Chemist: 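One structure coming up, written as structure tokens, with questions to follow.
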Amino acid sequence: MTDTRFDPSQADGRWQRAWEEGGTFTADSNSEKPKSYILEMFPYPSGRIHMGHVRNYTMGDVLARYKKMRGFEVLHPMGWDAFGMPAENAAMEKKVHPGAWTRSNIEGMKAQLKRIGFALDWTREFATCDPDYYGHEQALFLDMYEAGLVYRRSSEVNWDPVDMTVLANEQVIDGKGWRSGAEVEKRKLDQWFLKITDFAEDLLDGLGELEDWPDKVRLMQENWIGKSTGLEFAFDLSNGEKLPVYTTRPDTIFGASFCAIAADHPIAQGLADKPEVSAFIEECKRGGTTAAELETAEKLGFDTGITARHPFTGAAMPVFIANFVLMDYGTGAVMGVPGHDQRDFEFATKYDLPITRVVARDISEADAPMGDEAEAGDGVIVNSEFLDGKSVEEAKADVIARAEGGGWGEGTTVWRLRDWGISRQRYWGTPIPIIHSPDHGPVPVPRDQLPVELPEDIDFDEPGNPLERHPTWKHTTCPISGKPALRETDTLDTFANSSWYFLRFASQPADAPFDPEEIAKWLPVQHYIGGVEHAILHLLYARFWTRALAHIGKFDVKEPFAALFTQGMVTHENYFRATPIKNVERIDQPIMKLERFSPDEIEKVGDKAILKKDGKPVDIGRVLKMSKSMRNVVDPDNIIDQYGADAVRWFMLSDSPPERDLPWSQDGIEGCGRFVQRLWRLFGELDPGAGGEDKALARKAHQAIVAVAEDIEALSFNKAVARIYELTGATEKAAPSESRNFAITTLMHLVSPMMPHLAEEVWSRAGQDGLVADAPWPTHDPAMLVEDEVTIAIQHKGKLRDTITAPKGAAKEDLEALALASEKVQRSLDGAEVRKVIVVPDRLVNIVT
RNA sequence: GCGGGUGUGGCGGAAUGGUAGACGCCGGGGACUUAAAAUCCCCUGAGCUUUGCUCGUGCGGGUUCGAGUCCCGCCACCCGCACCA
């Protein structure tokens with residue numbers, strides 16, 4: 001090798017073509033090798049690849065390449081989560097077709113991904129907006145429909161009257177539509193739902209087996225599913241009606257002193273003809289829903305004048321309409337037990353209702369006064385007739401048994417999880433394959449008519465759903481009667497598209513969504529990597545679809561992702577300048593004008609940032625997630641132009657542990673670029689003529705083979721990187737020898753998953769056959785892992801005084817003698833009597849005086 | 001409010017209860033060069049009375065021969081959920 005510098009601008013593309021032409025990363029499902037499916041969450045084609053993608057896919061790429069070196073047949077696919085609102089927004093703003101916009105983004109982003117040299121099987125690429133893909137999705141929807149997992153009901157939605165569309169909760173900001181700014185209305189619409197609640201128990205239980213998922217994500221899903229058990233029973237009301245309530249604390253029933261119902265409860269609505277009642281209901285709806293507002297919101301109630309009869313004591317308890325009771329949880333009504341529920345306590349205090357103790361630490365404390373808050377903890381039941389003296393758990397069981405025996409209530413389980421409303425009044429999504437027949441109601445589209453394709457000729461000139469106002473698209477005939485009928489014009493929530501794409505990657509027959517035999521070969525995904533922002537929705541929906549399809553008998557896989565890894569964000573400092581502008585009202589409090597500057601406009605000098613165009617300093621703000629609004633985005637393409645793909649990949653893996661945020665820095669990427677060149681020079685020093693053994697270096701190389709493998713398998717890429725730096729440093733310093741050549745070729749292998757272009761280049765220049773990507777992971781000699789000398793720490797009273805070198809496995813007595821012989825130790829002992837000596841073999845000696 | 005996480009040099013971070021700060025970045029000094037770039041070498045937690053000593057992993061206690069690591073009690077920041085009965 002004579003080139004003094006590695007030139008990524010010509011090498012990167014050359015090796016990318018070599019991998020592509022050789023089909024190096026094409027997965028063969030008929031291979032005899034063990035299978036490994038490595039998957040990163042596929043991107044939404046928003047326009048450009050950003051650093052977050054680069055980090056995400058680099059991690060998966062290292063794993064995929066490593067697994068291949070370890071003898072696995074690896075499936076590492078890529079595709080596009082291509083349906084969604086941004087395409088429709090672009091259509092409205094830029095007058096382009098959502099499909100054209102999406103396709104063009106995909107093309108650009110695919111080219112960007114290829115430049116980074118990812119080991120992807122592009123033969124399996126698809127976009128969810130391909131009619132082929134969403135046609136199979138429609139078939140799966142019909143499978144679920146036939147299995148009774150899909151139903152239609154009227155549901156309240158957020159309706160934007162200007163854009164004429166339904167908004168997700170996240171799109172409603174301060175009660176206004178995020179785009180139109182119009183006051184959002186609540187509207188009842190017929191919506192399609194998937195019965196995810198049928199699988200609530202399964203989805204909850206399944207979490208227990210997902211040992212290689214982060215605890216955090218499992219907990220979030222557990223809370224989201226929100227299982228609770230208790231008693232549902234009905235109070236007899238003074239007006240002759242029944243009031244069903246749900247409680248998790250039936251043991252405290254003797255402490256109940258009132259009932260409370262939600263503002264939109266039927267009984268409350270029934271009283272709404274009284275102006276004071278309707279005024280109160282309005283007041284309840286006005287309350288904000290942010291954390292701070294709820295924190296300070298006062299408990300408000302309206303006494304209906306109705307009373308409820310206590311099932312045991314027969315006491316008449318007032319029934320209030322209350323602002324803290326939610327209609328969509330439980331029965332929308334509660335029994336108020338102020339002594340042992342904080343909300344009830346606050347409410348009772350405000351409206352001067354009795355607060356009775358029915359749980360105490362001990363039976364003797366039955367008459368202990370209540371403090372200034374409710375006691376929700378465990379204890380012994382008191383003041384409760386036949387329950388007195390029982391534990392909370394015993395009393396719960398007793399009350400439930402009596403309610404069931406008496407036929408006035410039953411033990412139930414209540415879930416926080418709601419069925420998944422999947423109807424969206426949008427164009428750019430999977431059309432729901434249903435036909436509304438005048439005679440037969442909703443009828444599935446016959447299978448041979450799938451896919452129901454989106455029409456191309458649509459316009460976004462008016463607000464609302466283009467499918468709804470398309471002149472011909474929705475007009476069809478009833479599959480049963482043949483009479484004119486209307487297509488469903490709603491499309492599926494985009495989360496449906498990402499709920500089964502990993503199955504289609506594994507298997508892509510033309511006539512079915514997937515082939516069960518192929519699914520069995522590849523699933524579950526061995527490593528699934530993505531952002532924690534998908535901890536609940538996407539990951540829960542994907543788990544649900546997999547279970548639902550397994551339930552229908554499509555395959556045997558229940559959990560799609562054996563291991564989940566949630567990576568941190570890529571962050572960057574931001575640059576700004578705040579200049580005061582004249583404030584006519586308060587000269588001492590000027591209004592500040594804030595200007596932000598992108599990293600391209602800045603030059604860093606030491607720890608100062610200088611604006612290039614005026615040569616003056618700007619302020620450096622906090623390190624934050626890269627975002628357009630902060631103008632702190634660094635474009636991967638520019639970086640690759642300057643430093644090559646390998647330097648960027650190396651940066652993504654260095655320093656920060658992968659689950660934490662990674663602060664981007666110019667100094668850091670320059671350091672990575674330098675290291676690529678440092679390795680290049682070192683690899684050029686391979687000396688076939690050199691002989692002789694360098695045992696210390698050879699040992700380091702063998703240790704690195706083991707350690708780097710362990711680190712990659714634990715996804716501790718930052719540690720693997722540090723090991724490679726160490727071996728590199730040691731190898732550079734060593735004199736030529738056979739061992740040094742071994743260390744150099746070992747390094748070629750160890751860095752190849754991380755810097756594949758450099759590795760291929762030096763591999764080929766070293767005259768090796770084939771591609772390093774196809775080469776196996778180097779083998780280590782176990783005998784070479786063991787050191788024959790170790791450094792022993794000598795402590796006196798737990799503090800380090802000296803270190804000595806001793807043969808590995810030296811006897812305790814010998815170590816003790818060596819320690820006591822140390823001059824430094826003797827000086828520290830200063831003649832004191834040695835009371836005890838603790839010897840940890842091969843580690844340390846601690847002398848206690 | 002509930003749940004979870006994090007806290008170690010100027011910075012990112014290492015460290016099965018056993019030598020705290022591996023490795024990288026920044027910074028300082030030097031070599032090479034007419035010069036620069038590139039490269040290489042050395043130093044780089046703080047303090048002190050500098051053969052060495054003392055202090056030091058958010059704060060306060062504890063267990064231990066020995067604690068960044070284990071236990072108890074706090075503080076700060078970050079994330080998620082939320083009037084869920």
Side-chain angles (χ1 to χ4, degrees), chain A residues 4-5 214-224 226-228 230-231 245-249 252 260 262 287 289-291 293-295 297-299 322-326 328-337 341-344 346-347 414-416 532-533 535-536 571 604 606-607 623 650-651 654-657 659-672 674-675 677-678 681 716 718-729 732-733 791-803 823-824 827-828 835-840 842-849:
Chain A
T4 52
R5 288 183 68 78
D215 290 344
K216 178 193 170 106
V217 174
R218 290 198 286 177
L219 258 162
M220 282 165 73
Q221 292 212 354
E222 190 181 321
N223 293 336
W224 187 265
K227 181 180 185 176
S228 86
L231 171 69
V245 298
Y246 169 72
T247 178
T248 57
R249 294 294 303 272
T252 63
T289 52
T290 65
E293 283 170 320
L294 288 176
E295 195 63 33
E298 210 179 351
K299 302 281 177 286
N323 65 344
F324 66 92
V325 181
L326 306 174
D328 60 0
Y329 186 81
T331 60
V334 298
M335 68 170 191
V337 183
D341 180 281
Q342 187 58 26
R343 290 159 312 189
D344 297 347
E346 287 169 30
F347 191 82
V414 169
W415 304 86
R416 205 190 85 100
V532 73
E533 66 273 18
I536 295 174
T571 58
K604 288 291 286 286
D607 56 359
V623 174
W650 189 250
F651 185 99
S654 303
D655 296 348
S656 288
E659 67 278 10
R660 285 204 218 168
D661 289 351
L662 172 67
W664 177 266
S665 79
Q666 186 59 29
D667 289 329
I669 185 66
E670 282 172 16
C672 292
R674 276 199 298 274
F675 185 61
Q677 298 301 338
R678 212 174 124 194
R681 287 190 297 276
S716 298
N718 56 320
K719 290 191 228 169
V721 162
R723 307 255 189 212
I724 289 171
Y725 271 116
E726 269 180 277
L727 181 58
T728 302
E732 283 171 334
K733 287 186 178 72
T791 305
I792 307 285
I794 314 292
Q795 297 180 341
H796 173 213
K797 292 194 286 192
K799 292 199 193 250
L800 183 73
R801 298 296 161 182
D802 199 3
T803 56
E823 192 192 323
K824 288 177 185 174
R827 201 164 345 112
S828 176
R835 298 212 324 257
K836 196 174 171 188
V837 178
I838 287 138
V839 181
V840 183
D842 296 335
R843 277 266 173 195
L844 69 85
V845 179
N846 190 10
I847 299 159
V848 187
T849 55

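In what follows, chains are A, B, ... by sequence order, proteins preceding strands, each numbered from 1. What you see is a predicted model; the values in this text were computed from it and never measured.
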Chemist: For a quick check of understanding: with a heavy-atom distance under 4.0 Å over all strands, which category does A/Tyr725 fall into, base, sugar-phosphate or nothing?
Modeler: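 Contact class for A/Tyr725: sugar-phosphate only.
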Chemist: In whole Å, I'd like the distance from the CG atom of A/Asp215 to the C1' atom of B/U6.
Modeler: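 Computing the A/Asp215:CG to B/U6:C1' distance gives 15 Å.
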Chemist: Would you say A/Met335 and A/Thr252 make side-chain contact, with heavy atoms under 4.5 Å?
Modeler: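 Result yes, sub-4.5 Å side-chain heavy-atom pair found.
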Chemist: Could you tell me how far apart A/Lys799 (NZ) and B/C65 (C1') are, to the nearest whole angstrom?
Modeler: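 These atoms are roughly 13 Å apart.
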Chemist: How would you label the contact of A/Gln795 with the nucleic acid (heavy atoms, under 4.0 Å): base, sugar-phosphate, or nothing?
Modeler: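 Answer is base: heavy atoms of A/Gln795 come under 4.0 Å of a base.
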Chemist: For B/C79, take OP1 and OP2 only and decide whether either is under 4.0 Å from a side-chain N or O of A/Arg660.
Modeler: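 Negative; the distance criterion is not met.
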Chemist: Can you find a side chain N or O atom of A/Arg843 that sits less than 4.0 Å from OP1 or OP2 on B/G17?
Modeler: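 The answer is no; no side-chain N or O of A/Arg843 sits under 4.0 Å from OP1 or OP2.
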Chemist: Give a yes or no on whether a donor-acceptor pair under 3.5 Å exists between the nucleobase atoms of B/C25, that is its base, and the side chain of A/Asp667.
Modeler: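 Between B/C25 and A/Asp667, which were checked side chain against base, a qualifying N/O pair under 3.5 Å is absent.
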Chemist: So if I take every side-chain heavy atom of A/Arg678 and compare against B/C40, B/A22, B/A14, which nucleotide ends up nearest?
Modeler: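 Closest nucleotide among those given: B/C40.
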Chemist: Using a distance-only test with no angle check, is there a side-chain donor-acceptor pair under 3.5 angstrom linking A/Tyr725 and A/Ser654?
Modeler: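 The criterion, which ignores hydrogens and geometry beyond distance, is not satisfied for A/Ser654 and A/Tyr725.
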Chemist: Does A/Val245 reach a base, just sugar-phosphate, or nothing at all? Heavy atoms under 4.0 Å.
Modeler: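 No contact.
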Chemist: Kindly point out which of B/U39, B/A85, B/G80 is positioned nearest to the side chain of A/Val325?
Modeler: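 Out of B/U39, B/A85, B/G80, the nucleotide with an atom closest to A/Val325's side chain is B/A85.
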Chemist: Which of these nucleotides, B/G13, B/A22, B/U51, is closest to any side-chain atom of A/Arg827?
Modeler: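 Of all the options, the side chain of A/Arg827 is nearest to B/U51.
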Chemist: How close do A/Phe651 and A/Pro663 get, heavy atom to heavy atom, and via which atoms?
Modeler: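 Here A/Phe651 and A/Pro663 meet closest at CZ-O, 3.6 Å.
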Chemist: With sugar-phosphate meaning primed atoms plus P, OP1 and OP2, does A/Thr247 contact a base, only sugar-phosphate, or nothing at under 4.0 Å between heavy atoms?
Modeler: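 Counting heavy atoms under 4.0 Å across all strands, the contact made by A/Thr247 is with sugar-phosphate only.
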Chemist: Within the 4.0 Å heavy-atom criterion, would you say A/Asp328 contacts the bases, only the backbone, or no part of the nucleic acid?
Modeler: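 No contact.
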Chemist: Taking the side chain of A/Arg343 as heavy atoms from C-beta outward, which of B/C83, B/A22, B/A82 is closest to it?
Modeler: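 Of B/C83, B/A22, B/A82, B/C83 is nearest to the side chain of A/Arg343.
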Chemist: Answer with base, sugar-phosphate or nothing: what part of the nucleic acid does A/Arg801 contact at a heavy-atom distance below 4.0 Å?
Modeler: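 A/Arg801: backbone/sugar contact only, no base atoms under 4.0 Å.
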Chemist: Under 4.0 Å, heavy atoms only, any strand: does A/Asn846 hit a base, just the sugar-phosphate, or nothing?
Modeler: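 Result for A/Asn846 = base.
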Chemist: So what does A/Leu219 hit on the nucleic acid, given a heavy-atom distance under 4.0 Å: a base, only sugar-phosphate, or nothing?
Modeler: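 Since only primed, P, OP1 and OP2 atoms lie under 4.0 Å of A/Leu219, the category is sugar-phosphate.
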Chemist: Taking the minimum atom-to-atom distance to the side chain of A/Leu844, which one of B/G4, B/G18, B/A22 wins?
Modeler: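 Of B/G4, B/G18, B/A22, B/G18 is nearest to the side chain of A/Leu844.
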Chemist: Using a heavy-atom cut-off of 4.0 Å across all strands, would you classify A/Thr331 as base, sugar-phosphate, or nothing?
Modeler: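 If one applies the 4.0 Å heavy-atom cut-off, A/Thr331 turns out to touch nothing in the nucleic acid.
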Chemist: Base of B/G9 relative to its sugar, syn (within 90° of 0) or anti?
Modeler: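 Judged by the O4'-C1' to base torsion, B/G9 sits in syn, the angle falling within 90° of 0.
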Chemist: On a heavy-atom basis, which atom in A/Phe324 and which in A/Lys299 lie closest, and how many Å separate them?
Modeler: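 For A/Phe324 versus A/Lys299, the nearest heavy atoms are CD2-CD, 3.5 Å.
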Chemist: Would you say B/A14 has OP1 or OP2 under 4.0 Å from some side-chain N or O of A/Asn718?
Modeler: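 Checking A/Asn718 against B/A14: at least one side-chain N or O falls below 4.0 Å of OP1 or OP2.
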Chemist: Side chain of A/Leu326 only, heavy atoms from C-beta on: which candidate in B/G12, B/C40, B/A85 is closest?
Modeler: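 The answer is B/A85.
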Chemist: Contact class for A/Arg835 vs. all strands (heavy atom < 4.0 Å): base, sugar-phosphate, or nothing?
Modeler: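 No contact.
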Chemist: I want to check one thing: is the phosphate of B/C26, taken as OP1 and OP2, less than 4.0 Å away from some side-chain N or O of A/Arg674?
Modeler: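 Looking at the OP1 and OP2 atoms of B/C26, one of them is under 4.0 Å from a side-chain N or O of A/Arg674.
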Chemist: So does A/Tyr329 get a side-chain nitrogen or oxygen closer than 4.0 Å to the phosphate oxygens (OP1/OP2) of B/A85?
Modeler: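 Result: yes.
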Chemist: Which heavy atom of A/Ile792 sits nearest to which heavy atom of A/Leu844, and what is that distance?
Modeler: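 It is CG2-CA, 3.7 Å.
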Chemist: Which part of the nucleic acid does A/Lys824 contact within heavy-atom distance under 4.0 Å: base, sugar-phosphate only, or nothing?
Modeler: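 Answer is sugar-phosphate: A/Lys824 comes under 4.0 Å of backbone atoms only.
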Chemist: Whether the side chain of A/Lys719 and the base of B/C23 hold a donor-acceptor pair under 3.5 Å is what I'd like checked.
Modeler: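 Absent.
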